[in-house]
Every structure is written in structure tokens, then in C-alpha cells.
Amino acid sequence: MSQQENKCPVEATRKKLIHFYNDNSKDGMCSKCHPCKLGIFDAIKILEAIQAGNGRDKDVVLLKRIAADVKDGGMCKKGKDHADILSAFLAASTADLEHHIKGVCSYRECKQLITYEIDPALCTVCDKCRAACKDNAIEGQKMIPGKTGFTPYRIRQRRCTHCGECIKVCPENAVVIVEKDREADQKEPVRTLVCTCDVSGKATGHAPACAIHDTVGAVR
Amino acid sequence: MTTKMVNMVFDGKAVSVPEGMTLVDAAATVGIHIPNLCHIKELRGVGACRMCMVEIEGMKAPMTGCTTRTKEGMKVQTTTPKVEEIRKFVTDLVLSFHPLDCMTCPKAGACDLQRYAADLGIRESSFGRKSFNYELNDRSPFITIDNNYCILCGRCVRVCKEQGTNVLDFMGRGITTKVSTALDKPLHESGCTFCGSCVDACPVNTIMERDRWQHGREWDLQKQETACTACASGCSVVTSSKNGKIVKVNAKEDNGYLCAIGRFGFDSLHASNRISAPMKKQGGKLVPTTWDDALDAAAAGLKSAGANAGFIASGSLTNEEAYAVQSLARDVVGSANIDTAASSYASGLLAALRAAYGDNGASVASAADIGSADCVVVIGADPSQKKQSLQEVDVAIRRRAQAGAKVIVVSTLKTDLAGHQNAILLQIKGGTDTALLAGLMNAAIAEGAAPTAKGIDGLKKALVSVEDAAAASGVSAEQITLAAKAFAAAKHPVVVIGTGISTNEAASQQAVNLALVKGAGVLPLLLEANAVGVMQMGCQSDMEPGFVKVKKSGSGYDDMKSGTKALMIAGPVSGTDFKSGFTVVMASHMTSLAEKADVVLPMTSLYERQGSIVNIYGTAKILTAAQAVAGDAKDGVEISAELSQRISKTKGFKAKDVASAVKKVKAGKLEAPSCKPVAAKAGQSSAVSSSKLLAAINAGMLSQSGVVKVLEVKQPALQK
């Protein structure tokens, strides 16, 4: 997947900027002037946040500002060229960006916005996908006629890294990419209790009471 | 050197500014501030922060003010919506990873970032907050580096590089760049000389004095301009004190240099060896006593010696103090035996300067402008930041070298300056200075130097060929020719003559001749803060105030060492072996010399002093007391005046009359220079180490100071 051309403009732009930012050769960022060094870093961070499903409406404004000001204020052509890449993306893919901010990647490439699922109607229980999965994310049992029954194949979402190997090997195209059900995610938010106070003995006094302990270290 | 002025328009205001200056500096001269985070005055701009963007008529895009130079007819707009937006954008981005700790930050009020954020109206960053959780680097003495606050402007890196210490650099790239030393070692293990230029350069509070936290914020501090008197450079400083106590010292100019002693040595004012009360010897031991008692004893001793009394004025005294001591000796006590240490360690040099420039020869440095020199010849001198001798001179020469000037080093050793890429080292055998310089002059004349000084024909006859000079001195002929070419091609050469040859008259004379061959400026490297001023005030055995020759000269510094009936030593001197029947010492700190004295009179030190001095470059500087005097110590003028009153009611003078008398002393103009041929033969010269001599002079003051303890730590060499 990584070798292929990305169809999703958000993913493609992010990759171009990250490549420029991390490139140590003479074609990469020289790390001298502030607008380019800091602005492109922030553009990458904003795109990453959008792709992770944490997009905000004001991100479009910020990206537009970065594109315009790096172009005006940048020191060299390399930086200005990448500002142009960003502004060209913003001009051409306004609708795509808005979709992403809402949490939908219509190209189904932004890994955090999609899930892989196995369509039980198409699945022939051939076990190829389970063998190909590097992350042991697919569970199920192949039917051996006369010996066993079978367990339907499904993908354990916690383990899936969206690497795409199962799609490659499935002869029936039974592995499908669906957009993540964001509302379902939000129904049961995962909450962990985090201890913010110092229970190792040094009660600092000014530390705020945490969810587990009171300020003097006793369990609530 | 006069600079050409050009007519320009700044924000619709027609102004006249020097040509070739950066726009930021030029705008500052007419009172317009162009915001910038990475520019340092008079240093080459890099255009990194892009805060100094301005719009210039005829240019398509905004230009950076720190890299664009002034030109005739340029029209500059410093605040347009376009450049304002770029400034806001950069400030916004920088604030996204700079902790917003202004309520406790010691730099608040003097912070550039805070100022621009306020000017541009940015409360907090609109971009995502980032923090990198760097560890606070407080492993080094005097200076802490907190990279969490760093805005990556690079001022510290450039100022460190520019002056040749080259300790700090960037590590990593992008937003995670970190200012650090090689291998991330503590500063004292990486060759740092603790000059603290990076502290002055830092626009935020990343690099700071170690004890600034909760020691007063910018608006609590009383600022006072004065000058440091620890060495000959007499650097201008600004002290900041809170509740009458100095908390920090900074260089006065934006890109000014201040060494570790000037910046961090003020703890010596409260050192344990500070003399807080007058002392008198009773039963072989010094015991504290009252001023009246001590002054009476001192006056009685000096009066009884009369014309046989000796007076030694330290070169660190102010003009006023020197004049008062001189007046006490000549007018009140009636003794002609008054001298200063320069007459001893620079005897040959002073004689040579007098022969070339007349009686005012010692003040020759005022005609040499090292700030615009394009070739510096360093003869017998080793100004060095690492060896703690005349650090400011080293920096001044290195800054010129960095700007492309050639540095020709004539020395028996490979000095620190000779390591610079623009340096040409002529490493001679001991005592062959005259021969080498004769060859160098010959080559320079052959390369096109056209000397006009008096007696040049006689000098030309005494010169030797380059080959002979090479054979005598052990330097290759090519190297001499190379140096001669650089010297002959220079427009503003300066010849620096140091203590390596200053006791030898022939070698010093030859060095002065070299300057006269090209009409170069001469900078004699005397060591004490006011060495020239003290001589001008008449503290020489054969000169009265204003460089007037006396009819009958008294005994000099070296003569007085062998024995006098009564001796008064005013201020810190290097010698400890004075033989005298009765010794009065005016000192600020306890030294081995003061321990042997019969009467010790405490005087003011460093930033408590007031008066005027003339530094090594011939610039007059005003000292103003920045802190209340510790203990019972008094100003040298007051002590001398009280002594004079006690010795003679009729001839005695008053402290308040000294300043007006000093103003009347005027040095005459330098005479037209004349050459004096010197035989180009090898002669053994006794070299004086300037670093050892300076250390001896300041030994009393600095022996308890943290500065010396840190600098004495042996620096491990970096592995290659």
C-alpha cells in the first residue's frame, strides 16, 4: 500500500510534507527559517489529527494560513514549493477535507477512519486470510469435512493494523473496508482512572486530588 | 574611517543612514524598531526568524531586514498588512511550543518574545500546544540552559562562533532542534570560557545566569552604567542591583563582549578576604583600627621619610585617584619617587613609543581603530580567552578576522590567535624579533608599502633581505612574503605590541617601525585598566601630569623594589617583594603584599568605584558606583586627601578639588612619527607572560571569587 500512489489527497499531502520534513538530503528541509520549520511541522500535525478522526472546523483556516504565510515568509524555494503543494491541495480538495474532518475517508485509505470487516455472505472459510495476517487479528476455524464444524471468520478490531494483507489473499473479495462507525465509538468511551497524585510517600500538598486517591495518599 | 551616508525613506520618513548597513540596524539609528528574534547588532544576519520582513518599493516579495543592506534611494515600509501577518504567524508558531510562564519568568520585561506577542496582540497560540520535556541543564556553573524555552533563534550559537569560543551549536533538526554543546557535555567540560555572551544574546530565558531565579525581576532592578576595571579593556557594563546589591552584570552594547571576571566576578565584592576596616601592625600582627589612627600612622611614616618616600600607583587606579596620589607624592610629601608598574613590564615599549611619537607616545592607541582594521599584526602578545588574559582584545581581533581581516602573529609560541583560519603564524626563535621584522618590512616595501615617516631612509638602510631574516628567525621565506603581501595590501592595518617584547627596547622599536612603514595604528597592550591614564596623570618617575618631562626624575618602579625608607602602594600591583622600612598599602582585598604592610587602608573595588579611566584603546570611560561600599572602605581620592591634610595643613588638598584638577590635565597631540633604525641582530629578550602578570595583579581581588575556581578546572581535551 505504501508503495502505491495514494488516491486520498489528505494522505498524499501528508506524506509529501512528512517526506520533505524528514529528508536529510539537500532536497529536504534545511531547518533554518521559522515559518517553514515550524509551519510545515504544524501542518503535518493538523493533517495527522484530521486523519486520526480528531478534525476540527478551524483546521481548514489554520492550514490555509500556513500555506499562505510559508509562501510569503519562507526563505527558500524548497519551502515555498511545499507551501504551494499545501495550497493546491486546499484549493482542489475542499470537499474531501471536509469529509475527513467529519470522520469519513471516502477513498478508504486513512487507516484510523476505516475498519476491515469480513462479509459472511461471501466468505468461503478458506483460512487464507488467517494465515496471511501478521497480527493474529483474524479469528475463525476452517471446516474440515467430516471432522469438524467451523467457526465464522471475523476480524478483531483491536488487533487489526489495516495493513491490507488479507485483502490481497482473499479469493472471494470477502474482506471489505467500511467507514468507522464513529457514533458507536462514542457511545462507550473507554475511561481509565489515572493516578495524578504521588502515592509513593511524598504527599506534595499542592497536587490536585486524583480520581483514585485523596491528597494524603489514602485510597478513596 | 568615515562611512558614506545614503538617503533612504523609512515609513515615509526621509532619513540619512550609513551605506551597507543592515536595514534593522539602520532603522534603529533613526528610531524605528523592526521586530526581530535572531538578529544581533552588527553581526551578519541569517534571516532565520523572518520577523524582520519589510516591504521595499520595487521588490515583488517582502525582504528580510537583517540581510538586506542599505542602498541609495531605497524606500522601505516596515509595517504593512502583509509583513504584519508574517510576524503574527511566526510569533503564533513560536508561542505554540514556548511555555507561557511569564508570571514567574525572571526574563519577563526584557523578553523579546513577550514584547512582540504583546505588540501583535497574541494571547495564546492558535496552533496545537507542543512540549518536548527537555531536561534542565544546570550541570554547569554560572549558566543554565533550559531548552524547553528555546525559540531556536540561534543568537547564542552565532555569538559563540563569532568570538571564537565555538562551544554551542544546534543538535538535531526541525522543531526538535536543541542548543547544546558537543556530546551534550556540561559547559565547563566543553571549552567554555564563561564569558556569558550567550546570556546577553538570548532573547528569552533559555540561557540565563544561574542565580537569577527569584532574585528580582527586570523592573525591580536598578540599572547603572559603569566600566569594569579588572583588565586593560575596561569594558562598559550595565549592572543591575536589587536592594543595593548587584545581582547581575551585562555588557552595555548589544554585541558587546564581557569576560567571566567582568560578568560573574562581582561576588569578590563580598569575598571573605575583603578588607573591611583600616589595619595597623601591632606586635608583628595586623589589627583592625580606626581610620584616624591608621591615617595618622601612615602620614607620620611618609612625612618622616620626606623626599626618600616612594609611591607606587597601580595602573588600575582611576584618573582621579592617580592624580591624588601623584599630588600627595610631589606636592605634599615632596618626593619625586613615583611610578607605575607599566614602567617596569613595558619599559622598552614606552621608550620606543616616546622615541617615535614624542612624549605623548603612551597614548598612541587612540589613533588605532581595531574595530575597522583589515590586517592585525600581533607581535609578542598572546591575548587569549582560554588563558584569561586580555580576553576582550582576543575577541576584538577574532571578530575582525571573522570578517575577513588577516592576522599576522609574530611569536615564539603557537598562540591561540594563530589557530584562526585567517591567521598567518610567523613562529620565530627566541630573541630574533628584530631580524624577522626587518625582513618583513623589506618585503612589505617591495610589495608596495610606501612609507612617509621621518627617518625612513635611515631605516631602509638597516633592513635585511627576506632570506637573511628567514635564516636568522627560522621562519620560511615564503611565509614572510605571504605576511608582507597581506600587510602591504591592507588599508587600515593595526600593529599590536604585547608584553612578550615590551621590556626589550630594540624589539619594541622595530615593531613601531613596522607600523610606520605602512602608517598603521599602534596598540600597545598594557595590562591594567587605566595604565595609560595613570601615566597621563603623572604617575611616572620622569613625567608630570599631561606627559610633561620633569627636570629631575626620581627613582622608578624597579629601583623602589630594592629598598626605600617609606613606601606607599596604591591599588593592586603584581609585585610582592618590596623592601621598605615602612609600608602603607591601599588595597581592597587582602594580598600577600598587604599582609606584610605596616598600615593597610581599605579602598573601593570593581563596581563600587567612581571616577574616569582611559582604556587600552584610548577611550575615556566613566565609572559610577553601582553598589554601596562594603565595610569601612573609602575611595582612593578621599584616602589620599586625608593623608595630605595630615602631612601638611598648608599643602594638603581636598578630595572635591581633585576632579577639577584632573579635567585640566590635557595630553598634547602626538608628534609626527619618526623611525629609528634598529640593528637587525639577534638579542635575547626577556618575555613577560601577560596572563601570569594579570593573574598576579588581580590575585587579591579574585582569590575568593567563584570565577577563578571554575576557570582553574583543567579542561579535558576533546578526543579527535
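Numbered from 1 within each chain, the chains take letters A, B, ... in sequence-line order. Hydrogens, waters and symmetry mates are skipped; everything else that's a heavy atom, side chains included, is used.
Heavy-atom distances place the side chain of A:Phe41, and not its backbone, under 4.5 Å from chain B. Heavy atoms of A:Asp59 lying under 4.5 Å from chain B are absent altogether. Contacts of B:Val83 with chain A are absent, with no heavy-atom separation under 4.5 Å from either backbone or side chain. For B:Phe170, no part sits under 4.5 Å from any heavy atom of chain A, backbone or side chain. Heavy atoms closer than 4.5 Å to chain A are found in the side chain of B:Ser96, but not in its backbone. Looking at A:Ile40, neither its backbone nor its side chain comes within 4.5 Å of chain B, counting heavy atoms on both sides. Contact of B:Thr177 with chain A is made through the side chain alone, with heavy-atom distances under 4.5 Å. For chain B, the nearby part of A:Lys32 is the backbone; its heavy atoms alone come within less than 4.5 Å.
Counting heavy-atom neighbours within 6.0 Å of B:Arg69 CZ, excluding the residue itself, gives a total above 12. Counting heavy-atom neighbours within 6.0 Å of B:Glu19 CD, excluding the residue itself, gives a total above 12. Within 6.0 Å of atom CD in A:Glu48, more than 12 heavy atoms from other residues, nucleotides or ligands are found, so the atom counts as buried in its surroundings. In B:His33, the NE2 atom is crowded: over 12 heavy atoms of neighbouring residues, nucleotides or ligands sit closer than 6.0 Å. For A:Lys45, the NZ atom counts as loosely surrounded, since its 6.0 Å shell holds 12 or fewer non-hydrogen atoms of other residues, nucleotides or ligands. Remark: A:Asp57 CG is loosely packed, at most 12 non-hydrogen atoms of other residues, nucleotides or ligands lying under 6.0 Å away. Counting heavy atoms of neighbouring residues, nucleotides and ligands inside a 6.0 Å radius, atom NZ of B:Lys75 does not exceed 12 of them.
Listed options B:Ser126, B:Cys38, B:Ala61, B:Gly128 were ranked by heavy-atom pairs under 4.5 angstrom with chain A; first place goes to B:Ser126. Listed options B:Lys130, B:Met51, B:Glu85 were ranked by heavy-atom pairs under 4.5 angstrom with chain A; first place goes to B:Glu85.
For the pair B:Asp92 and A:Arg65, the minimum side-chain heavy-atom distance is below 4.5 Å.
The main-chain N or O of A:Tyr21 is found under 3.5 Å from a side-chain atom of B:Arg173 such that the two form a donor-acceptor pair. Judged purely by atom type and a 3.5 angstrom limit, B:Arg50 uses its side chain to pair as donor or acceptor with the backbone of A:Gly74.
Checked for salt-bridge contact, B:Lys88 and A:Asp69 miss the test: no charged N lies under 4.0 Å from a carboxylate O.
A distance of 10.0 Å separates CG in A:Leu38 from OG in B:Ser125, rounded to the nearest 0.5 Å. Rounded to the nearest 0.5 Å, atoms CG (A:Leu62) and CZ (B:Phe89) are 9.5 Å apart.
Tested against A:His34, the residues B:Ile175, B:Leu93, B:Val94 include a single side chain to side chain contact (heavy atoms under 4.5 Å, CB included) partner, B:Val94.
Listed here is the closest heavy atom pair of A:Met75 and B:Val46: CE-O, 3.4 Å. Residues A:Cys33 and B:Gly47 share a closest heavy-atom pair of CB-O, 4.3 Å. Nearest heavy atoms, A:Pro35 versus B:Cys49: CD-O, 4.3 Å.
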Inset, instruction - Just do the side chain to side chain contact (heavy atoms under 4.5 Å, CB included) check on A:Ile66 and B:Phe127 with the steps written out, would you? - result: CA-CA 10 Å; A:Ile66 291 173; B:Phe127 297 97; 3.6 Å; yes
